[in-house]
Amino acid sequence: AEAGGDGAAPPDPPPGRFAGVLDLVRLRAVEWEGGTTAPTVREIGPDDSLRGAALRGRDALVQVVAEHDEATADAYLADEEVDAAALTAALRRCAVARRVVPVLAAAALRGAGVQPVLDVVADLLPRPLDV
């Protein structure tokens, strides 16, 4: 699904072949080496080759959320930075209200991407008392 048109919010698109994901909320690369299930997490710095893709993806994510969340829209239109905590809270509000659907990549057979999926379930999806 293309970001924006249908409320799909891809917070973690794979950077090419599936060896990891970009955490667009926190601007981190989460990578799996060989057959390991434990990821290597690293911040995406200014000189990182993934920085351009991560910033474009994060901007697209913020735009999708801004279409459905007033606080994010206000910050985006004022050209203010939407930090990770504010973006996570906005994604949660949108997911609970069924306006945005988080989309992630994972390979359960290898265990790659499973922890980020579980993090999104815990951080963003409705709890029984929310519905």
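Counting from 1, the numbers follow the sequence of the chain as shown. The basis for the numbers below is simple: all heavy atoms, side chains too, and nothing from hydrogens, waters or symmetry mates.
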Flag yes if [X] and [Y] sit in one hydrophobic cluster, no otherwise; membership is Ile, Leu, Val, Met, Phe, Trp, Tyr, and two members link when side-chain heavy atoms are under 4.5 Å apart.
| X | Y | answer |
| --- | --- | --- |
| Y76 | V64 | yes |
| V117 | V120 | yes |
| V96 | V101 | no |

field: Short N-O contact, R93 and E70, less than 4.0 angstrom
entry: no
Minimum-distance pair of heavy atoms, taken over all atoms of [X] and [Y]:
| X | Y | value |
| --- | --- | --- |
| R58 | A84 | NH2-N, 3.8 Å |
| L24 | A54 | CD2-O, 3.5 Å |
| A73 | A66 | CB-O, 3.3 Å |
| V82 | A75 | CG2-CB, 3.9 Å |
| A90 | V65 | CB-CG1, 3.6 Å |
| P126 | A95 | CG-O, 4.3 Å |

Atom CZ of R42: over 12 foreign heavy atoms under 6.0 Å: yes
Separation between [atom1] of [X] and [atom2] of [Y], rounded to the nearest 0.5 Å:
| X | Y | atom1 | atom2 | value |
| --- | --- | --- | --- | --- |
| D47 | R51 | CG | CZ | 9.0 Å |
| I44 | L55 | CD1 | CG | 8.0 Å |
| D123 | L91 | CG | CG | 10.0 Å |
| R26 | T88 | CZ | OG1 | 5.0 Å |
| L125 | L118 | CG | CG | 10.5 Å |

- prompt: Does the side chain of V100 reach to within under 4.5 Å of the side chain of L124, using non-hydrogen atoms?
  reply: no
message: Any non-hydrogen side-chain atom of V30 less than 4.5 Å from a side-chain atom of Q115?
response: no
- prompt: Where the side chain of R28 meets the backbone of L22, is there a donor-acceptor pair that is under 3.5 Å apart?
  reply: no
